[in-house]
Structure formats: C-alpha cells, structure tokens
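Letters go in sequence order (proteins before strands), and every chain restarts at 1.
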Amino acid sequence: MVVATETAWAAVSSVSDPELPPLTIADLGVLRGVDADASGRIIVRITPTYSGCPAMTVIQMEIETALAKAGIKNARVETELAPAWSSADISAEGRAKLAHMGIAPPPGPGASVTCPRCESTVTEELSRFGATACKSLWRCTSCLEPFEAFKAL
Amino acid sequence: MSDPTLFQYVLGLADDQLVLGHRLSQWTGRAPILEEELALGNIALDLIGQARGLYQYAGALEGAGRDEDALAYHRDARGYLNLTLVEQPNGDFAQTIARQLFYTAMALPFWQAMTASTDQRLAAVAAKAEKETAYHLRHATEWTARLGDGTDESHRRMQAAINQLWAFTGELFEMIAAEAGLAAAGIAPDRKTLRAAWDRTIDATLSDASLTRPDDSWMAEGGRDGLHGEDLGHMLAEMQSLQRMHPGLQW
Ligand SMILES: [Zn+2]
C-alpha cells in the first residue's frame, strides 16, 4: 500500500501547471496529498490557487493520465478548498523557478516585490491584474524593465 | 442530503456570483484598455469559480440529482434568486464600476463573516472568496476615484451611474425568510451587521472621488423571490442557448 502511494506521488508530483510549465503542481502547493483508502484505491487531493482557475480541469486530466501511465488504475482526484491555498504554499524550489522565468515570486508580508532581473527592491505596480489571475504587472525603477509578479494571496 | 432551506439560500448566493461574473465576462473584447480587459476577465473568472463551488453544494443540498450545470443552464429567470443589482446591464464603464463598488463593498465583509460559518462547505468557499474579493474591491474603489476625479465627462458619468444604481443597494441587506434562522444558527452572516462596513467603504470612496452619496428613496426588491427585470432574461437566453439547444452537451 505504501509502495502504491509512493509510486502515485512520484507520478503526479511531476505534473506541470499548464500556465507556468516549469513549475509542477507540487512546487505550487496545488498538490495536497496522495493517499490510499481502505480498499487500496489511490486518492489524489488538489486545491485551486484561485476559485476560477481555468487550469484545474487540465491539471485533473493530466493527473489521471500520469496515474494511468504509472499503471495505477481506478484512482480518484479530489478537489479540496479548505484550508484555502496561499501563495506561501509555493515551495522554495517553486519560487526559484518563478524567478528564473522572470516572474517575481510572491513577496512575504510587508516585503516588497523584487525585480527578477536586477534584484532591486525599488519596484512599482502597474496593474494588479496580469495575463492570468495569479499574476500582476510591475516595473523596476532601477533597471526600468517591466515584469510579472506572482501575487501574494 | 436534502435541506430545502439551506438549498434556497446557497442557490441565491451562487446566482449572485454567476450573474455578476457573466455580466463582467461580456466586457471581453470591449474593455476600454487592455489592462481592464485582463482585470474584468480575471474578476469574472473568480466570481464564476466561486459560483461553481456554491452550485455543487446547492445540488447536494437539494438532493434531486441536479449538478452545477443543470442549476446554471436549465433554470429560467423566474427561477434565479440573485440580487437585482448584479443583473443590471453593463452600461458604460462607469455603470459597471458603480455596480462593482456597491456589490463588492458588501461582499467583502459578507465573505469575511462567512469564514466563521458553522457550515464547513460555506466557510471553505468563503475563505477563498474573501481573498479574491479584497482585490476586486480595490479595483472598484480605485476606478471610482479615477473617474470621479478625472475629467468633467468622467465625473458626470460616474455620478450618474452612482445615482442610477443606488435604488438597487437596499436589497444587499435584505434577509430572506429563512436567513434569520440560518444566521441564528451561525451558518449565515446577519446581513444587517454588514451595513456599517458598507457605509464606511461607500462614504470614504465617494468622498475621495468628489462624488455625492444619493439620498435613499425607492429601493428595488424581489430578486431573492425570482422577480427580475427583463434584462436578466435576455442575459440568460444568451448564456444558456447552447445547453438549451443541446441539453447535456459536454466540451
Ligand atoms: Zn530591475
């Protein structure tokens, strides 16, 4: 049983977020857990970043595909809302991948958004709404480059 | 599970989110600037996502086998229980912003209070909606200030929108018959307690934008009883056309 959940975890934790392909659902904290019920059926629990995140349907399909490829049959994917996802759920590796993509990772409480190009913390918000619900648009006042930032939520 | 009282209450909340979300989605391709195209689309997605969570719960509470799609696509306007504010047409950009301001200034304290609900499903929806709504309110208050303090034309339009939609704000604090019992049981927030926070937000925003708060006069009502203006019927006809033509169609 333990082996099955480990195999399942290995298979689903590498599923990418379709809107941020270098990041996996484990990096983002969207993957909450992989368990087996009393009958041995694998249950994968995920949580949406935003209520209306359109990527969730795709993520669910890719999880099912990944499980099938790993030879795990009859698994179930459950979406849970509580506790609500927070941008603090993004792993250190996830934050590093965001910065590498040129997207500023979400700032901690009271911290300012850091420019992903020159690492200046002197930055200004241009728009709270970016190309996807989870990002906003910023500009660095040191190097003058515009960039996207992952919103603190 | 069958709970007709809670079903009716949750259905009304879901309808508020879906109708407002669909209205905002009608700006897609027509927003005044690209930044707003993204903002209104993102807010619409948040609202429709919140509606889905509420419809799934409503379907379970009804226990009649209706899922979120059946509830959204196979009821006519008479069966919709949303507030009449959210169904008001987009109008010009100022009217859309006034509608956002009035609704969201109520929705933020509403979802904040709902996070403490004794009903775990509602508390879970609220915990996400609260964070999202905080962004929506900042969007509405900032645009109200920009338009109110902008040009003579933008000021005139923003004030006209505030005046026009004021009659739909009384309903934000009306409780349906069952709601008092749900509030007493700790399931639903008491809407009367939201009024003070709403007044504070509205007064501060209007004053910051050099706009005048209208006097209270006739207030619209009846949305929670399924009594709507004809605009909702037109909106639903368009929104539901595909499912009405091909019931059960899946992408
Ligand atoms: Zn920079």
**OP:** Could you please spell out the steps behind the side-chain contact (heavy atoms from CB on, under 4.5 Å) verdict for A:Phe129 and B:Glu35?
**Re:** CA-CA 7 Å; A:Phe129 297 90; B:Glu35 179 188 328; over 6 Å; no
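- Top candidate by heavy-atom pairs under 4.5 Å with chain B, chosen from A:Leu81, A:Thr79, A:Leu126, is A:Leu81.
- The shortest side-chain heavy-atom distance between A:Ser86 and B:Lys131 falls under the 4.5 Å cut-off.
- Note: A:Ser51 OG to B:Leu45 CG = 10.5 Å, rounded to the nearest 0.5 Å.
- Panel note: side chain B:Asn42, backbone A:Gly130; a donor-acceptor pair is recorded below 3.5 Å.
- Contacts between A:Pro54 and chain B at a heavy-atom distance below 4.5 Å involve the side chain alone, from C-beta outward.
- Heavy atoms from other residues, nucleotides or ligands lying under 6.0 Å from CZ of B:Arg244 number more than 12.
- One finds the CG atom of B:Leu38 at 9.5 Å from the OG1 atom of A:Thr132 (value rounded to the nearest 0.5 Å).
- Judged by the 6.0 Å distance and 45° axis criteria, A:Lys151 is positioned over the aromatic ring of B:Tyr135.
- With a 4.5 Å cut-off on side-chain heavy atoms, A:Tyr50 and B:Asp46 count as touching.
- The neighbour count for A:Glu119 CD, taken as heavy atoms of other residues, nucleotides or ligands under 6.0 Å away, does not exceed 12.
- Residue B:Gln120 places its CD atom among 12 or fewer non-hydrogen atoms of other residues, nucleotides or ligands, all under 6.0 Å distant.
- Ranked by heavy-atom pairs under 4.5 Å with chain A, the first of B:Arg138, B:Gln50, B:Glu142, B:Arg52 is B:Arg138.
- Neither the backbone nor the side chain of A:Ser136 comes within contact range of chain B, judged by heavy atoms closer than 4.5 Å.
- Side-chain atoms of B:Lys128 do not come within 3.5 Å of backbone N or O of A:Ala82 as any donor-acceptor pair.
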